[in-house]
Amino acid sequence: MRCGDFRTTYAEDMAIFDSALARGLLAALLVLLVLLPLLATGYWLDVTNRIGIAVIAATGLNILTGFTGQISLGNAAFLAVGAYSTAALTARGVPFLIAVPSSGLISALVGMIFGFPSLRLKGLYLAIATLAAHFIVEFTVVHWESMTGGVNGIGIDPPKLFGYAFDEDRKLYFPILAATVAMLWFAKNLFRTRVGKAFVAIRDQDISAEVMGVAVFRHKLLSFAVSSFYVGVAGSLLAYQARIISPENFPLGVAIDQLGMIIIGGLGSILGSVLGAIFITLLPEALRLLTGALAGSFPGLVQLFASLKLGVFGLAIVLFLIFEPDGMAARWHRIKAYWKLYPFSY
Amino acid sequence: MDFFLQLTINGLVVGSIYALVALGFVIIYKSSGVLNFAQGEFLLIGAYFFLAILENARVPLLVALGLTVVSATLLGLLMERLVLRPMIGEPIISVIMVTLGLSSILRAIVQGIWGTDTHPFPALFESSPIQIGPLPVSRGYLFSVVSSAVLLLAFTLFFRFARVGVAMRATAFSQQVALSMGISVKHIFAISWSIAAVVSALGGVLLGALRGGVDGSLAVIGMKALPVVILGGLDSIGGAILGGLIIGVLENLSGGYLDPYFGGGVKEVAPFVVLVLILMVKPYGLFGKVRIERV
């Protein structure tokens, strides 16, 4: 019987799975996820697809904000860069498998440009610099009509692989799932490497990191690049899923939503990005169900839905920050620790 | 030349309101080191509240304004006590997020009560313009410039001479030292939040009167004031004034002259382009306190 974490080698300490059981459970979860399209309706597959995209984007943001400590309000902009790159690339006949990573790379490049101020800025000032990035990208998207279609938006052909078109949510589910799993796997491993540990060192104390031989600016830029790559890939998948994108898909609220995801999920935790993305994406759906159920007795509720959604989102963030600042991931670990020692948990 | 002058004057007017909103940011930042992203919503609530009092209670203008000030004070106190106080000592990202969450909640409340339609503002000023030199300037513009100037002057004096103002500056300098000098840091935070809420509410009323109506887009001014505070320096009142005027003029000039080439919207983005440039060259703004750290 296990009664605690007793790691005796460095290899054990570095391992992703601390037991064969955890590995088995994850495999079972994956199998379940692959089988999900057999069970779920089209609407819920649309929701799961959006969750997958949100997970990728939130993981990207968490790499930058949670692990490297650079606050970014520009995520909606990087998402837009990814989505519009995909639109432009597919219009020129670039296949799906190349368009997605290239959109990520373009987004990474833009991310590095706006990461440059991080050389001299931190904290609030950096947050505002990335906010400026958001407005500048938005302006470009609206006014570069030949490339982006301006305010009217632009259409994207469904992705094709070996002649097979992923033209509905049920089919698109699989590439999104594959991308999400691959990106999570990469992120999890990133923080077992030298570069990942350098990111964490910069977050914890940038001056000590520099003293210990971490090239701070280079790693900050790298973090911006990796993070925007993730967000760009998410944007690319979003473009394929939405089929028509316009500036309205990328308001500042999206960036705030994603910050909410990593705050509620847990800063500096891959699991946290996943949990937070699921929570924030499902929150409006749960509200929709609830208002739908109560619409009979409170008919005014339907008109209030938009503001209700906004208010509950804000309330969730404020309450989490006050009562559970380390997020859902920390709560999960605490629950796990409790049961590990179960009858003697004190 | 007339076009240039007109743009400059419009810019100065808008800039004086930006300065007022920026003042709200600066007061909170100066005393507690928090940047309040819900400032735009404070503007919105102030304007709506004024309107609601005016429409429902049928009281004179000044009484309505007084009631707005009182309720804004209460709002500021409430926000500080319920939301910001538990955040003392938390990392900066949490504080940013809590004000962002707050802005969502406030916006939801405003939308829930007043909806999303534009509410017409009563005409507070006579429509006949006043001649200043060769240019006609509307009374509303003049009034907003003058009242912004008065408020800004009052706060500059307040921070220099009033006991509470000095205590607020001391708190900003070092909370520990302030505590050991017998200053209640909690009270200072509460005071600064309510002052910021009052200033923003007044700004909201002025903006509403200038635009002739209130809707959710008023809150965007809160975001627009960010370049202003960065340009002026986050902890400088003089910087907020000068920054507000510069950004206001700049945005109007760039909008006036560049819009034909870009097809509109330059006004919205120009302040942010300037913002990025300032941050790269002079990260602490014109008058901000420089923290030198070389890594």
Side-chain angles (χ1 to χ4, degrees), chain A residues 65-66 69 71 73 114 116-117 119-129 131-136 138-140 142-143 145 150 202 206-211 216-217 252-253 256 259-260 262-263 267 303-304 306-323 325, chain B residues 29 33-35 37-38 82-83 85-87 90-113 115-116 223-224 226-227 229-230 234 262-266 268-277 279-285 288 293-295:
Chain A
T65 302
I71 303 168
L73 286 169
F114 285 111
F116 256 101
L119 171 63
R120 300 186 65 183
L121 306 173
K122 48 176 104 170
L124 274 178
Y125 286 90
L126 187 63
I128 297 173
L131 186 71
H134 171 84
F135 287 107
I136 293 170
E138 192 179 41
F139 179 80
T140 314
V142 171
H143 288 89
E145 287 181 7
I202 292 172
D206 49 357
I207 298 176
S208 330
E210 178 85 26
V211 170
V216 169
F217 182 52
L252 187 60
I256 297 174
L259 273 173
I262 63 171
I263 288 278
L267 287 169
Q303 278 104 45
L304 284 179
S307 37
L308 202 63
K309 197 170 91 179
L310 197 65
V312 170
F313 168 74
L315 202 63
I317 288 178
V318 171
L319 290 181
F320 259 96
L321 280 171
I322 294 176
F323 296 108
Chain B
Y29 186 81
V34 173
L35 194 57
F37 281 92
L82 290 182
V83 180
R85 196 169 296 175
M87 287 290 113
E90 293 284 330
I92 201 154
I93 165 104
S94 307
V95 184
I96 289 182
M97 267 324 276
V98 94
T99 60
L100 283 172
L102 199 61
S103 81
S104 294
I105 297 176
L106 292 177
R107 198 146 14 107
I109 293 174
V110 167
Q111 276 180 17
I113 299 176
T116 47
M223 288 289 169
K224 278 268 198 81
L226 285 173
V229 280
I230 292 291
L234 265 175
F262 287 95
V266 178
E268 311 298 319
V269 79
F272 288 99
V273 176
V274 176
L275 170 68
V276 172
L277 295 177
L279 281 174
M280 287 196 181
V281 182
K282 213 167 161 18
Y284 296 101
E293 239 176 48
R294 300 238 179 262
V295 273

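Throughout, protein chains are lettered first and strands after them, A, B, ... in sequence-line order, and every chain is numbered starting at 1.
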Problem set entry | Contact class of B:Val281 relative to chain A, heavy atoms under 4.5 angstrom | backbone

Problem set entry | Pairwise side-chain contact, B:Val269 with A:Glu138, heavy-atom cut-off 4.5 Å (strictly under) | no

Exercise. Which heavy atom of B:Ala108 sits nearest a heavy atom of A:Ser307, and at what distance?
Worked result: CB-O, 3.0 Å

For this session: Taking all heavy atoms of B:Met97 and all of A:Leu259, pick out the closest pair and write down the distance.
Result: SD-CB, 3.5 Å

Exercise. Relative to chain A, which of B:Thr99, B:Val276, B:Leu275 shows the most heavy atom pairs under 4.5 Å?
Worked result: B:Leu275

Exercise. Would you say A:Tyr125 and B:Leu35 make side-chain contact, with heavy atoms under 4.5 Å?
Worked result: no

Seminar exercise, completed: When rounded to the nearest 0.5 Å, the distance separating OG of B:Ser104 from CG of A:Leu315 is 10.5 Å

For this session: Among B:Ile105, B:Leu106, B:Leu100, B:Val273, single out the residue with the greatest number of heavy-atom pairs under 4.5 Å to chain A.
Result: B:Ile105

Exercise. How far does CD1 of A:Ile71 sit from OG of B:Ser94, to the nearest 0.5 angstrom?
Worked result: 8.5 Å

Exercise. For A:Phe135, is it the side chain, the backbone, both or neither that has a heavy atom under 4.5 Å from a heavy atom of chain B?
Worked result: both

Exercise. Should we say atom CZ of A:Phe217 is surrounded by more than 12 heavy atoms from elsewhere, each under 6.0 Å from it?
Worked result: yes

For this session: Kindly indicate whether the side chain of B:Val95, heavy atoms from C-beta on, has any atom under 4.5 Å from the side chain of A:Leu321.
Result: no

Exercise. What part of B:Ile230 gets closer than 4.5 Å to chain A, counting heavy atoms only: side chain, backbone, both or neither?
Worked result: side chain

Exercise. Taking the side chain as C-beta and beyond, is there a heavy-atom pair between A:Ile263 and B:Ile93 under 4.5 Å?
Worked result: yes

Problem set entry | Pick from A:Ala132, A:Ala133, A:Gly260, A:Ala129 with the largest number of heavy-atom pairs that fall under 4.5 Å of chain B | A:Ala132

For this session: Please report the closest heavy-atom contact between B:Gly101 and A:Val318, naming both atoms and the distance.
Result: C-CG2, 4.0 Å

For this session: Pick one of side chain, backbone, both or neither for A:Ile317, based on which atoms fall under 4.5 Å of a heavy atom in chain B.
Result: side chain

Problem set entry | Interatomic spacing from CG in A:Leu131 to CD1 in B:Ile96 - rounded to 0.5 Å | 10.0 Å

For this session: Starting at CZ of B:Phe37, measure out to CG of A:Leu73 and round the result to the nearest 0.5 Å.
Result: 5.5 Å

For this session: Identify which part of A:Leu267 has an atom lying under 4.5 Å from any heavy atom of chain B, answering side chain, backbone, both or neither.
Result: side chain

For this session: Go through the atoms of A:Leu252 and report whether side chain, backbone, both or neither lie under 4.5 Å from a heavy atom of chain B.
Result: side chain

Problem set entry | Contact class of B:Leu234 relative to chain A, heavy atoms under 4.5 angstrom | both

